[in-house]
Amino acid sequence: MNKEELLSKLKTIISPYVQNQKGLNNLSEDTDFIKDLEINSANLVDVVLDVEDEFDIEIDNDSMEKMLTVKASITVIEEKLAAK
C-alpha cells in the first residue's frame with residue numbers, strides 16, 4: 001500500500017471527527033489533527049481505534065501518542081503493517 005492510498009484511507013477515517021472542514025479539504029502530511037482539524041483528544045482515541053480496525057493492526061500507547069499529525073500517523077501505520 002502506498003502513501004497516497006494510506007492518506008486516502010486515513011482521510012476517510014478522520015472525516016467524522018473533524019470540526020474544521022476547510023482543514024480537511026487541505027489535508028496533507030503536515031496536517032495536525034488537533035490544531036488544523038480541531039479533533040478533540042477523546043476523538044483522537046476513536047481515530048486510533050478506527051485505524052486499528054481498518055488496517056488490522058495493534059497500536060500501542062507509545063505509538064498512539066505520536067499520532068498527532070497525518071505524517072506521524074502514516075509512519076506508525078506503515079511500521080505496524082511492516083511488522084505483521
Side-chain angles (χ1 to χ4, degrees):
M1 185 175 302
N2 65 33
K3 277 200 192 307
E4 286 178 18
E5 291 171 322
L6 278 175
L7 188 61
S8 176
K9 283 190 174 196
L10 193 57
K11 186 174 185 176
T12 302
I13 290 168
I14 63 176
S15 292
Y17 308 107
V18 172
Q19 301 301 313
N20 179 357
Q21 288 301 317
K22 187 177 178 189
L24 184 63
N25 294 338
N26 298 320
L27 192 74
S28 72
E29 285 194 1
D30 297 324
T31 300
D32 183 290
F33 291 141
I34 296 172
K35 292 178 190 158
D36 300 325
L37 302 179
E38 299 172 17
I39 298 175
N40 67 40
S41 55
N43 286 142
L44 275 179
V45 174
D46 293 329
V47 168
V48 170
L49 295 173
D50 290 351
V51 165
E52 287 182 325
D53 289 344
E54 176 67 32
F55 295 100
D56 192 30
I57 56 177
E58 194 170 309
I59 298 173
D60 55 78
N61 288 341
D62 289 341
S63 297
M64 190 185 305
E65 290 171 11
K66 296 176 191 169
M67 294 177 66
L68 297 176
T69 65
V70 171
K71 185 174 188 173
S73 298
I74 288 175
T75 300
V76 168
I77 293 167
E78 286 177 331
E79 287 171 358
K80 299 299 178 183
L81 287 173
K84 280 179 70 172

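Computed from heavy atoms alone, side chains included, the values below leave out hydrogens, waters and symmetry copies.
- Side-chain atoms of Glu52 come within 3.5 Å of backbone atoms of Ile59 as a donor-acceptor pair (strictly under, hydrogens ignored).
- Lys35 pairs by the side-chain contact (heavy atoms from CB on, under 4.5 Å) definition with Asp32, not counting sequence neighbours.
- Heavy-atom neighbours of Glu5 CD from other residues, nucleotides or ligands within 6.0 Å: above the threshold of 12.
- Pairing each heavy atom of Val18 with each of Leu37, the nearest pair is CG1-O, 3.7 Å.
- Two residues are said to be in side-chain contact when any heavy atoms from C-beta on lie closer than 4.5 Å; Ile57 and Lys84 meet this criterion.
- Interatomic distance, Thr31 OG1 to Leu24 CG, rounded to the nearest 0.5 Å: 8.5 Å.
- By the 4.5 Å heavy-atom criterion applied to side chains, Asp53 and Ile13 are not counted as neighbours.
- Interatomic distance, CG of Asn2 versus CD1 of Ile74, reported as 10.0 Å (0.5 Å rounding).
- One N or O on the side chain of Asn40 and one on the backbone of Asn43 form a donor-acceptor pair closer than 3.5 Å.
- For Glu79, the side-chain contact (heavy atoms from CB on, under 4.5 Å) partners two or more places apart in sequence, or in a different chain, are Thr75.
- Considering only heavy atoms from C-beta on, Ile39 stays 4.5 Å or farther from Ile34 through its side chain.
- By the 4.5 Å heavy-atom criterion applied to side chains, Leu44 and Met67 are not counted as neighbours.
- In Lys80, the NZ atom is crowded: over 12 heavy atoms of neighbouring residues, nucleotides or ligands sit closer than 6.0 Å.
- By the 4.5 Å heavy-atom criterion applied to side chains, Val51 and Ser73 are not counted as neighbours.
- A search for side-chain contact (heavy atoms from CB on, under 4.5 Å) contacts involving Lys9 returns Met1, Glu54, Phe55, not counting sequence neighbours.
- Both Leu7 and Leu81 are assigned to one and the same hydrophobic cluster, defined by single-linkage of ILVMFWY side chains at heavy-atom distances under 4.5 Å.
- By the 4.5 Å heavy-atom criterion applied to side chains, Asp36 and Asn20 are not counted as neighbours.
- A distance-only check finds a donor-acceptor pair linking the side chain of Ser15 to the backbone of Lys11 [under 3.5 Å].
- Counting heavy atoms from C-beta outward, Thr69 and Glu29 have side chains that stay 4.5 Å or more apart.
- Side-chain N or O atoms of Glu65 include none that pairs as donor or acceptor with a backbone N or O of Asp62 at under 3.5 Å.
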